[in-house]
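Below you'll find the structure, written out as structure tokens, and then a few comments.
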Amino acid sequence: MKRQMWIDTDTASDDAVALIIALRHPDIEVRGISVVAGNVPLEMGVQNALYTAELCASTVPIYVGAAQPLVRTLDTAQFVHGVDGMGDIGLPLFGRVPTPGDAIDEIISAAHRHAHELELVTLGPLTNIALALRKDPTIASLIKRCVVMGAVADHIGNVTQVAEFNMWVDPESVDIVLQSGMKLEFVGWDISRTEAVITPKEADAIRALGTDRAQFAVDIQRVLERFCAEETHLAGFDLPDPIAIAYAINEKVATETQEWFLAVETQSHLTRGMVVMDTLGVMHEAANARVVTKASHEVFMTMLMEALGS
Ligand code: RIB
Ligand code: CA
């Protein structure tokens, strides 16, 4: 029996590679993809997800979710991934039709249909998940695990000094998820910038795989590559969502994890979206999340090359 997975995504250039990893993995059945506004406006994220699924010859249902955070106005990351989110390389990212149905209701239905088996992976802001939990809190105990690409265990942010983008966009939704009782596992941007940076040499090796998906996976990082060079000063482009989904599929991607109490800042402007991790236990609260604190670039790269080369 294949493992049952649901992916929630704000589909831009790194999300797309994460979708390929899951859609191409022999052990994974992706039961649905729900799209949320984040990197790009919602409709753009929907088109990007549909294009990527088509590239994988997948018929996975793709549902339209929330167009705005719970209470904040949407701030996209088009300065990071491009206006279309996919490197602005002229891909035909229009005209595809999502699956009829409300993403929030479909997440809830899938949690009940695949009770205690569904592995939820979130690659964007948590708006859809928070709305689903509000509508049906029982899904927190029905979802087997929720792997979140988000936060930073070293508290070095990528959208502000202390906050990671997915958490910063909609901190109120993070607060709902953190208090839901769901089995949460976080793969932060600290893991991406240390173990998921693709160097130019590795990008060439990916292209050398010779498949359409491999070419696509590198080409769409064009804007991200420039952002990493000029802003985050990494030795290539980093792939946060792909290493998060690789961990969700194969826990050996993580070489160290911790069980900590996490809480998110929703009041302060300065520290909005900071996910505080109680590493010393000084808050005397029970741990509510597993956090990946070290990972293997080698294990991740093996999974990435397999997904893009197959
Ligand atoms: O901080 C990285 C996260 O923000 C990734 O999910 C990326 O796609 C953006 O959504
Ligand atoms: Ca994302």
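Note that ligands are numbered from 1 as they come in the structure, with each ligand's atoms numbered from 1 the same way.
- How far OG1 of T255 is from CD of E195: 7.0 Å, rounded to the nearest 0.5 Å.
- Remark: D102 does not engage K135 in a salt bridge, criterion side-chain N to carboxylate O under 4.0 Å.
- Note that CD1 of I28 and CZ of R3 are 4.0 Å apart. Values are rounded to the nearest 0.5 Å.
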Could you list each nitrogen or oxygen of ligand 1 that sits under 3.5 Å from a protein nitrogen or oxygen, with the atom names and the distance?
from     : atom 1 : to   : atom 2 : distance (Å)
ligand 1 : 1 (O)  : N158 : ND2    : 2.8
ligand 1 : 1 (O)  : E164 : OE2    : 2.5
ligand 1 : 4 (O)  : N166 : OD1    : 3.3
ligand 1 : 6 (O)  : L123 : O      : 2.8
ligand 1 : 6 (O)  : N166 : ND2    : 3.0
ligand 1 : 6 (O)  : D241 : OD1    : 2.6
ligand 1 : 6 (O)  : D241 : OD2    : 3.1
ligand 1 : 8 (O)  : D14  : OD1    : 2.6
ligand 1 : 8 (O)  : D14  : OD2    : 3.1
ligand 1 : 8 (O)  : D15  : OD1    : 2.9
ligand 1 : 8 (O)  : N39  : ND2    : 2.9
ligand 1 : 8 (O)  : D241 : OD2    : 3.0
ligand 1 : 10 (O) : D10  : OD1    : 3.4
ligand 1 : 10 (O) : D10  : OD2    : 3.0
ligand 1 : 10 (O) : N39  : OD1    : 3.1
ligand 1 : 10 (O) : N39  : ND2    : 3.0
ligand 1 : 10 (O) : N166 : OD1    : 2.9

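- When each of D15, V121, T9, L19 is paired with I245, the side chain to side chain contact (heavy atoms under 4.5 Å, CB included) condition holds for V121 and for no other.
- Side-chain contact between F165 and V80 is absent, with no heavy-atom pair separated by less than 4.5 Å.
- The aromatic rings of F79 and F227 sit perpendicular, their planes meeting at an angle over 60°, well past the 30° parallel limit.
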Do L70 and T127 pass the side chain to side chain contact (heavy atoms under 4.5 Å, CB included) test, and can you show the C-alpha distance, the side-chain angles, and the key distance before you say yes or no?
-> CA-CA 6 Å; L70 291 185; T127 316; 4.0 Å; yes
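- No side-chain heavy atom of E265 sits less than 4.5 Å from a side-chain heavy atom of V162.
- Around the Ca ion (ligand 2), protein N, O or S atoms at a distance under 3.0 Å total 5; waters are neither shown nor counted.
- Side-chain contact annotation: D8 with T122, donor-acceptor N/O pair under 3.5 Å absent.
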